[in-house]
Amino acid sequence: ESMGYRRFPMLLLSLFSVLSLVLAAIGVYGVVNYVVSLRTREIGIRMALGAEPAAVVRMVVGRSLLPIVVGLAIGSAAALFAGGLLESLLYEVTPADPAVLGLIAGILGGAAVFASVIPARRAARVDPLVVLRHE
């Protein structure tokens with residue numbers, strides 16, 4: 001009962017956190033999918049010249065990692081700032097706990113990489129002949 005008044009705000013905050021993770025993953029998927037669709041001709045030419053599908057997947061995922069890493073760095077700085085504001089709601093966790101921040105960055109980074117793998121695998125399956133004929 002002593003923690004009852006803190007439980008609801010933390011439950012609500014957790015719900016919004018999961019929702020924001022899902023929205024972030026959908027956003028990353030949408031952006032990477034759009035970029036891959038713009039580069040379909042380039043990917044088709046690479047495949048026609050003998051690029052392995054695994055190399056295409058690595059290229060697409062690798063190019064999507066830079067904005068992900070920058071976003072995680074900015075988000076970590078913002079989390080440190082916001083943690084100070086939410087310190088009264090935290091229970092047995094310090095606002096700058098490196099384990100918690102690392103876990104969150106790992107979950108967000110993993111979701112973003114997973115969201116970029118789907119369009120990358122689709123790009124690796126592109127038929128070069130169809131792409132070059134279409135253009």
Side-chain angles (χ1 to χ4, degrees):
E1 280 187 40
S2 67
M3 298 303 296
Y5 70 97
R6 289 186 181 179
R7 174 171 267 167
F8 180 71
M10 291 312 296
L11 180 67
L12 198 58
L13 190 60
S14 298
L15 178 70
F16 286 139
S17 299
V18 169
L19 181 64
S20 67
L21 175 64
V22 169
L23 288 175
I26 290 170
V28 169
Y29 170 79
V31 169
V32 173
N33 194 32
Y34 176 70
V35 169
V36 167
S37 71
L38 291 178
R39 297 179 61 201
T40 302
R41 179 180 165 102
E42 173 197 344
I43 292 169
I45 291 171
R46 285 178 187 265
M47 296 291 289
L49 292 174
E52 295 292 323
V56 172
V57 170
R58 278 193 306 273
M59 178 189 67
V60 172
V61 172
R63 296 242 173 124
S64 66
L65 282 181
L66 179 65
I68 291 169
V69 169
V70 170
L72 286 174
I74 292 171
S76 295
L80 288 173
F81 175 73
L85 300 174
L86 297 173
E87 192 168 10
S88 65
L89 294 174
L90 299 176
Y91 180 69
E92 291 185 6
V93 177
T94 61
D97 188 5
V100 172
L101 289 176
L103 178 68
I104 292 169
I107 290 171
L108 285 172
V113 168
F114 179 73
S116 66
V117 166
I118 297 169
R121 291 189 65 197
R122 189 176 322 123
R125 287 192 311 257
V126 71
D127 184 12
L129 191 58
V130 172
V131 171
L132 295 176
R133 248 190 228 158
H134 184 264
E135 297 292 330

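- With a 4.5 Å cut-off on side-chain heavy atoms, R63 and R58 do not count as touching.
- Listed here is the closest heavy atom pair of V36 and P119: CG1-O, 4.0 Å.
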Could you go step by step and tell me if L101 and L80 meet the side-chain contact (heavy atoms from CB on, under 4.5 Å) rule?
-> CA-CA 9 Å; L101 289 176; L80 288 173; 3.4 Å; yes
CA sep, side-chain torsions, deciding dist, call: V61, S116, side-chain contact (heavy atoms from CB on, under 4.5 Å) = CA-CA 6 Å; V61 172; S116 66; 4.0 Å; yes
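- Pairing each heavy atom of G44 with each of P128, the nearest pair is O-CB, 3.3 Å.
- A distance of 12.5 Å separates OG of S14 from CG of L19, quoted to the nearest 0.5 Å.
- Between V117 and V60, the closest side-chain pair of non-hydrogen atoms is not below 4.5 Å.
- Note that CD1 of I107 and CG of L103 are 4.0 Å apart. Values are rounded to the nearest 0.5 Å.
- Of the inter-residue distances, the one linking M59 atom CE with S64 atom OG reads 10.5 Å to the nearest 0.5 angstrom.
- Closest approach of P53 to A124, counting heavy atoms only: O-CB, 3.5 Å.
- Nearest heavy atom pair, residue V28 against residue A112, reads CG1-O, 3.6 Å.
- Residues L21 and L65 share a hydrophobic cluster, clusters being chains of Ile/Leu/Val/Met/Phe/Trp/Tyr side chains in contact below 4.5 Å.
- One distance of note links CG of N33 with CG of L38; it measures 10.0 Å at 0.5 Å rounding.
- At a threshold of 4.5 Å between non-hydrogen side-chain atoms, the residues V56 and R121 do not count as touching.
- Atom CE in M47 sits 12.5 Å away from atom CD in E42 (nearest 0.5 Å).
- How far CD1 of I104 is from OG of S76: 8.5 Å, rounded to the nearest 0.5 Å.
- In this structure, I74 and V70 have side chains that are in contact, with non-hydrogen atoms separated by less than 4.5 Å.
- Closest approach of L72 to L108, counting heavy atoms only: CD2-CB, 3.8 Å.
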